[in-house]
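Comments concern the structure below.
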Amino acid sequence: MGFGIRSLNDAGLATSGEARIPKPESRRLTRRDFLAAALLSPVFLRQAPRGDARFVRTIPLTVPGSPAPPVGRLLGDGLDARLFTDLSRLGDPQSAMRPQSAIDPQSAIRNPQSLVTPNDRFFVRTAFPSTLSRTDPWTIRLGGLVDSAVAVDLRELEPRMAAPARVLIECSGNADQSNYGLMSAADWEGIPIAAALDRILPSSAASRILVSGVDDDSRAWRTSVAGASWIFTRDDLQRAILAVRMNGAPLPRDHGFPVRLIVPGWYGCACIKWVDRIDLVPDDAPATSQMREFAARTHQAAGATLAKDFTPAVIDTAAMPVRVEKWIANGRAEYRIAGIIWGGATPANALSIRFRSGQAWTRVDTCPLPASTQTWSLWSHTWRPSEPGRYQIVLRVDDPAIRTRRLDIFFYVREIQIDEV
């Protein structure tokens, strides 16, 4: 199972491949329940009409000359499959039933459940393997450095199901500047991986955990190499689950049915689908092919061969706009930007925004402190540009203690054309 569209550097940032991100200054710069409570406040999004304010339309965030983003439909198959989520509709549960220009800006306030991506719109990076013919019954083999290997029927683990957890997954190759739609959030239900590990007795040499899944090796793929597996430390998997349900329903086929590993805070390449093996391995275990593919894209230690020498595929704090709405207020155009912030180990809301390279940074108007970094939260900003033209919206976190490797190079830049001020 692969995970990228284009190559990444040591910060997990795109550098080459199917699309290229220039250095930032070389182009035209060029909540869960707690959050839900915050969304009930009328200050959130600052989208409520005030006085004579009138909603006009949604302004597309697009790259000049690029085609309309191919959101919401599966493209390709196997390891070359893609389905992009339409992030511009995040927070509006009714938008799929109405024209894009008529998005209700108050809907996220009224219904925080709209921050969950429906199963049929959740991004897909690898589709159901053609080589997988039987899923019932499903067994997971537990082996490696253990006293006795066992095969466990998935149904035997289901009594250990944990409460649902809202977790965002992002493809590490989420680099399509026209939509950045290889990212979604869902409510996952499953078995803590510790419940499976309780079934085996490790030997003294076991120190790491190899999780493997079925992958389609029926042919050579254009964008990835088959070999869905990842090696973790025990600490890495403290919050991990073997998910069997997604948004209250059994996992869809393309999302790992019947069982998928979910590791909160890690990129999708480590969230192995169709899990069929868990092995205990020594500290000097070699990296898997999937880890090597990720490492090559992120230019990690060229001579490294052991799993322990590879940088974990964790998501840093990041933010970007997903929707820009044009309003007329007191006879003048203004633009209300709705965006998301996600990732990292510590919640952050010291978010600043900039619209052109060289211009001053401005603190985002409204950015509630996220209750969790496992999923995304919403922020908003009202902007009155001084002149028509092309703008490039980027963000930063004004807290040196928060690691933001992708934001540091303006990875999630969004472009917009303003025709009226």
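The analysis underlying the following values was restricted to heavy atoms, covering all of them including side chains, and did not include hydrogens, waters or symmetry mates.
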Do R239 and Q374 have side-chain N/O donor and acceptor atoms under 3.5 Å apart? yes
Return the minimal non-hydrogen interatomic distance between D283 and R208, and the atom names on each side. OD1-NE, 2.9 Å
When you measure from the side chain of T117 to the backbone of A185, do you find a donor-acceptor pair of N or O atoms at a distance under 3.5 Å? yes
What distance separates D187 CG from T375 OG1, expressed to the nearest 0.5 Å? 8.0 Å
Which pair of heavy atoms, one from E415 and one from P64, lies closest together, and at what distance? OE1-CD, 3.5 Å
I337 backbone acceptor or donor facing H381 side chain under 3.5 Å: no
Which residues satisfy the ring-ring contact (aromatic ring centres under 6.0 Å, His included) test with W342, sequence neighbours excluded? Y412
F122: which residues meet the ring-ring contact (aromatic ring centres under 6.0 Å, His included) condition with it, sequence neighbours left out? W188, H255
Taking the six-membered ring for Trp, are W274 and F128 parallel (under 30°), tilted (30 to 60°) or perpendicular (over 60°)? perpendicular
Under 3.5 Å, is there a donor-acceptor pair linking the side chains of S224 and R125? yes
Going by an N to O cut-off under 4.0 Å, is there a salt bridge joining D86 and R89? yes
Any idea which heavy atoms bring A240 and V263 closest together, and the distance? CB-CG2, 4.2 Å
Just so I know, are the side chains of W376 and L115 near enough to count as touching, which here means a heavy-atom distance under 4.5 Å? yes
For R73, is the CZ atom crowded, meaning more than 12 foreign heavy atoms sit under 6.0 Å from it? no
Have a look at M183 and tell me which of I315, L87, T85 forms a side chain to side chain contact (heavy atoms under 4.5 Å, CB included) with it. L87
Rounded to the nearest 0.5 angstrom, the CZ-OG1 distance for R292 and T305 is 9.5 Å
Criterion side chain to side chain contact (heavy atoms under 4.5 Å, CB included) on L142 and L197, from CA distance to verdict: CA-CA 8 Å; L142 308 174; L197 296 176; 5.6 Å; no
Any ion pair linking R160 and E158 (charged N to carboxylate O, less than 4.0 Å)? no
If I take atom OG from residue S229 and atom CD1 from residue I278, how far apart are they, to the nearest 0.5 angstrom? 12.5 Å
Minimum heavy-atom distance P252-M246, with the two atoms named: CD-SD, 3.7 Å
Could you tell me how the ring of F411 sits relative to the ring of Y180: parallel (under 30°), tilted (30 to 60°) or perpendicular (over 60°)? tilted
Output for pair (T317 OG1, D399 CG), nearest 0.5 Å, gives 9.0 Å
Check A304 against D309 and note the closest heavy-atom contact, atom names and distance. CB-CB, 3.9 Å
Please report the shortest heavy-atom distance between I209 and L280, naming the atom on each side. CG1-CD2, 3.9 Å
Taken to the nearest 0.5 Å, the spacing of L242 CG from M161 CE works out to 11.0 Å
Please confirm whether the backbone N or O of C269 pairs with a side-chain atom of S172, one donor and one acceptor, at under 3.5 Å? no
Under a 3.5 Å threshold, yes or no: a donor from one side chain and an acceptor from the other, between T131 and S218? no
Carefully, step by step, assess K326 and E334 under the rule salt bridge (Lys or Arg N to Asp or Glu O under 4.0 Å). CA-CA 6 Å; K326 179 180 178 180; E334 66 179 29; over 6 Å; no
Take T62 and N179 through the side chain to side chain contact (heavy atoms under 4.5 Å, CB included) test and state the conclusion after the steps. CA-CA 8 Å; T62 60; N179 60 69; over 6 Å; no
Is D153 close to I140 at the side-chain level, that is, under 4.5 Å between some pair of heavy atoms? no
Interatomic distance, CZ@F355 vs OH@Y335, rounded to 0.5 Å, equals 12.0 Å
Would you say the side chains of T404 and D316 form a donor-acceptor pair under 3.5 Å? no
Decide, yes or no, whether a salt bridge links R363 with D398 under the criterion of side-chain N to carboxylate O below 4.0 Å. yes
